Amino acid sequence: MNLPVERMSKVDTAWLRMDTPENLMMIVGIWVLSPRLTVEQVRERCVSNLLPYRRFRQRVEEDVMGALWIEDEQFDIANHVETATLSPREHQSNWEALREHVAALTSEPLDPAHPLWHMELIEDFEGRSVLISRLHHCIADGIALISVMLSITDGGTPPPKRKAGKEPEHEHEGEHDWIIEMLLKPITDMTVKAVQLTSKGVSTGLDLMGRAEHPMDGPLQAARLGYQAMSDVSALALMPDDSHTRLKGKPGVRKRVAWNDELPLDEVKAVGKALGCSVNDVLLASVAGAIGAYLRAHGERVGGKEIRAMVPVNLRPMEKAYQLGNRFGLVPLLLPIGIDNPVERVYAVRARMQELKGSLQPIMAFGLLSVAGLFIKSVQNAMLNLFAKKATAVMTNVPGPAKPLKFCASTVEQVMFWVPQSGDIGMGVSILTYAGRVQFGLITDAKLCPDPEAIVERLAPEFEKLTTLTMMLPWAEPA
């Protein structure tokens with residue numbers, strides 16, 4: 001029997017091959033649901049709303065050219081959605097047992113003989129249910145997963161129906177190759193316009209360089225863009241290795257996870273507005289403060305120190321998020337963990353974010369991932385270790401729904417996910433705004449940071465210090 005076969009894109013192939021025993025390329029997430037659900041309800045919803053995305057019915061098979069998506073003729077929903085139970089140890093709370101269980105799952109590989117995703121339902125968790133999902137990064141990135149999450153909730157919109165023999169979720173196939181072809185050619189005004197059409201998310205900075213007021217300005221604009229591209233490539237290659245802290249080193253296999261949702265989004269917005277900063281600036285500054293406080297508590301001198309986090313930048317039009325796959329670049333963001341004053345720290349973060357605006361580094365990183373997917377695993381690893389040496393953490397900030405979601409008539413009370421770390425990076429920071437609150441998650445290597453909850457617990461106090469100082473500022477003059 002000839003099964004449908006599709007060639008995996010170069011970028012997705014790169015993510016597939018990034019798996020190591022120390023860092024598996026899985027996105028892990030949980031939903032806390034009330035009232036309780038049964039596994040039969042979850043399976044039925046997955047069959048009706050998740051399986052229309054063909055990737056969730058396809059297994060992966062590698063070959064000399066890369067990898068293939070192949071329909072899994074042995075597919076059984078019962079193998080992908082199963083039940084789990086927690087057995088807390090003596091003096092261990094249910095929440096502590098849940099954290100331990102999720103951490104163990106982050107180090108458990110998915111079955112390569114079947115589609116690379118899996119769910120576990122803890123049917124009774126303190127009168128509620130917990131759904132734990134694991135998905136290999138080669139299937140989708142964070143923005144695409146938000147689209148999937150919305151589609152499987154009550155009233156969610158499933159992926160568009162197949163039209164004229166073409167599956168809409170794969171309409172972008174070949175688009176990756178087209179982008180790389182453009183990146184590898186001399187940069188012209190045509191390339192600028194092509195990239196702008198591909199990504200509204202990074203077009204702001206490109207608009208300034210790529211919009212010619214007069215036809216004669218075209219070569220000048222292309223030259224400016226070419227100079228920016230060369231500068232960004234050089235910056236990535238010549239960037240010094242990251243500052244040494246106890247959080248950086250060779251990771252092991254075991255992981256730890258922690259999370260909370262203590263920050264009200266309205267308060268974060270109010271502080272940001274008062275300081276003339278974005279919500280993202282405020283949150284990243286609070287994260288930097290929490291990490292700095294943790295390191296000081298462990299006897300490290302962090303004064304004047306900065307650590308680098310690789311931050312994803314979406315390169316996908318939001319209306320095409322349902323197409324799955326990976327469409328993001330990476331930029332290196334310096335977190336000023338050595339600045340003790342919260343207001344000074346938030347302005348330092350804002351300044352660093354401003355420096356990244358207009359940068360082509362996300363597109364260059366996307367191109368690097370695509371090119372890496374062309375080579376054998378050892379060559380790819382050597383290329384991608386460039387990022388690992390330069391950073392201590394991977395950090396992502398994803399905007400979620402403003403109101404609570406419903407799933408099988410149950411309310412999704414909490415949402416959290418943990419990003420994978422590549423190479424020798426040992427920390428992943430996840431920020432998700434959901435239903436008026438900021439969900440903050442942390443995954444760390446058990447050897448480098450055995451107590452991530454000690455960092456998470458410092459986030460709210462750092463934000464409270466920033467709030468207090470903000471209210472004390474003399475508002476007669478600009479901050």
Side-chain angles (χ1 to χ4, degrees), residues 23-33 94-107 119-120 122 125 130-135 137 140-143 145-146 149 247 251 254-265 268 279-280 282-291 293-294 307 309-312 333 335 391-401 405 412-422 425-446 448-463:
N23 280 325
L24 296 174
M25 289 298 104
M26 291 188 301
I27 300 171
V28 180
I30 64 169
W31 283 357
V32 179
L33 299 143
N94 287 329
W95 285 99
E96 290 170 336
L98 178 60
R99 286 203 306 262
E100 192 173 279
H101 182 67
V102 171
L105 289 177
T106 64
S107 299
M119 293 182 180
E120 284 188 359
I122 301 172
F125 180 84
V130 175
L131 184 63
I132 308 170
S133 303
R134 293 183 296 147
L135 176 82
H137 216 311
D141 56 29
I143 294 295
L145 285 181
I146 290 293
M149 178 182 77
L247 301 175
R254 295 170 58 238
K255 304 297 176 186
R256 295 282 187 268
V257 301
W259 70 90
N260 73 22
D261 63 344
E262 295 179 11
L263 298 187
L265 182 57
V268 178
V279 168
N280 199 43
V282 173
L283 292 175
L284 295 182
S286 299
V287 170
I291 293 174
Y294 172 83
I307 61 171
M310 300 307 295
V311 180
L333 174 66
L335 295 175
T392 295
V394 175
M395 178 180 291
T396 186
N397 187 350
V398 178
L405 299 171
V412 182
E413 294 184 344
Q414 286 188 31
V415 179
M416 195 60 248
F417 71 100
W418 292 269
V419 293
Q421 307 86 63
S422 61
I425 294 178
M427 173 182 285
V429 181
S430 305
I431 301 172
L432 173 71
T433 53
Y434 174 71
R437 305 196 72 79
V438 178
Q439 321 278 320
F440 176 61
L442 191 63
I443 179 171
T444 61
D445 177 74
L448 300 176
C449 180
D451 53 346
E453 62 278 2
I455 297 178
V456 171
E457 290 165 359
R458 286 173 164 84
L459 183 70
E462 287 298 324
F463 175 72

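A quick note: this is a predicted structure, and the numbers were derived from the prediction, not measured.
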- [ ] Could I get the full list of side chain to side chain donor-acceptor pair (under 3.5 Å) partners for Q439, not counting sequence neighbours?
- [x] none
Open item on the list: Would the distance check show the side chain of S107 and the main-chain N or O of A104 forming a donor-acceptor pair, the cut-off being under 3.5 Å?
Closed with: no
- [ ] Taking all heavy atoms of A288 and all of L335, pick out the closest pair and write down the distance.
- [x] CB-CB, 4.1 Å
TODO: Go through the steps to decide whether F463 and V268 satisfy the test side chain to side chain contact (heavy atoms under 4.5 Å, CB included), and finish with yes or no.
DONE: CA-CA 8 Å; F463 175 72; V268 178; 3.9 Å; yes
Task: Euclidean distance, L98 CG relative to I132 CD1, rounded to 0.5 Å - done: 5.5 Å
Task: Short side-chain to backbone donor-acceptor contact, D445 and L448, under 3.5 Å - done: yes
- [ ] Decide yes or no for V412 and V32: does some side-chain heavy atom of the first lie under 4.5 Å from some side-chain heavy atom of the second?
- [x] no
Open item on the list: If the test is side-chain contact (heavy atoms from CB on, under 4.5 Å), which one of L135, V398, I146 qualifies with F417?
Closed with: V398
TODO: Say whether D261 and Y434, considering side chains only, have a donor N or O and an acceptor N or O under 3.5 Å apart.
DONE: no
- [ ] To the nearest 0.5 angstrom, please state how far the CG atom of L405 sits from the CD atom of E413.
- [x] 12.5 Å
Open item on the list: Going by side-chain contact (heavy atoms from CB on, under 4.5 Å), W31 matches just one of M149, M416, Q414. Which one?
Closed with: M149
Task: Inter-residue atom distance M427.CE - L442.CG, 0.5 Å rounding - done: 5.0 Å
Open item on the list: Minimum heavy-atom separation for E462 and S286, please, with both atom names.
Closed with: CB-O, 3.9 Å
TODO: Report yes if some heavy atom in the side chain of P420 is under 4.5 Å from a heavy atom in the side chain of M26; otherwise report no.
DONE: no
Open item on the list: Taking the side chain as everything from C-beta on, heavy atoms only, tell me whether L131 gets closer than 4.5 Å to M119.
Closed with: yes
Open item on the list: Are the side chains of L283 and V438 in contact, using a 4.5 Å heavy-atom criterion?
Closed with: yes
- [ ] Look only at the side chain of R437 and the backbone of T433, and say whether a donor-acceptor pair between them is shorter than 3.5 Å.
- [x] no
Task: Given V102, L24, N23, V28, the one that forms side-chain contact (heavy atoms from CB on, under 4.5 Å) with K255 - done: N23
TODO: Taking the six-membered ring for Trp and the single ring otherwise, decide whether the centroids of F125 and W95 are under 6.0 Å apart.
DONE: yes
Open item on the list: Return the CZ to CD1 distance between R256 and I455, rounded to the nearest 0.5 Å.
Closed with: 13.5 Å
Open item on the list: Applying side chain to side chain contact (heavy atoms under 4.5 Å, CB included) to T444 and L247, what does each step give before you reach the verdict?
Closed with: CA-CA 9 Å; T444 61; L247 301 175; 5.9 Å; no
- [ ] Please name the pair of heavy atoms, one in W259 and one in V456, separated by the smallest distance, quoted to 0.1 Å.
- [x] C-CG1, 3.9 Å
Task: Contact summary for V419 and I443, nearest pair of heavy atoms - done: O-CG2, 3.6 Å
Task: Atom of Y294, atom of C449 and distance for their closest heavy-atom approach - done: OH-SG, 3.5 Å
TODO: Find the distance between OG1 (T392) and CD1 (I291) and round it off to the nearest 0.5 Å.
DONE: 8.5 Å
Task: Approximate separation, where rounding is to 0.5 Å, of R134 CZ and I30 CD1 - done: 14.0 Å
TODO: Start with the C-alpha distance between L33 and V130, add both sets of side-chain angles, then the distance that settles side chain to side chain contact (heavy atoms under 4.5 Å, CB included), and finish with yes or no.
DONE: CA-CA 6 Å; L33 299 143; V130 175; over 6 Å; no
Task: Pair E262-L459, side chain to side chain contact (heavy atoms under 4.5 Å, CB included): steps then yes or no - done: CA-CA 9 Å; E262 295 179 11; L459 183 70; over 6 Å; no
TODO: Quick one: closest heavy-atom pair of I27 and D141, and the distance?
DONE: CD1-C, 4.5 Å
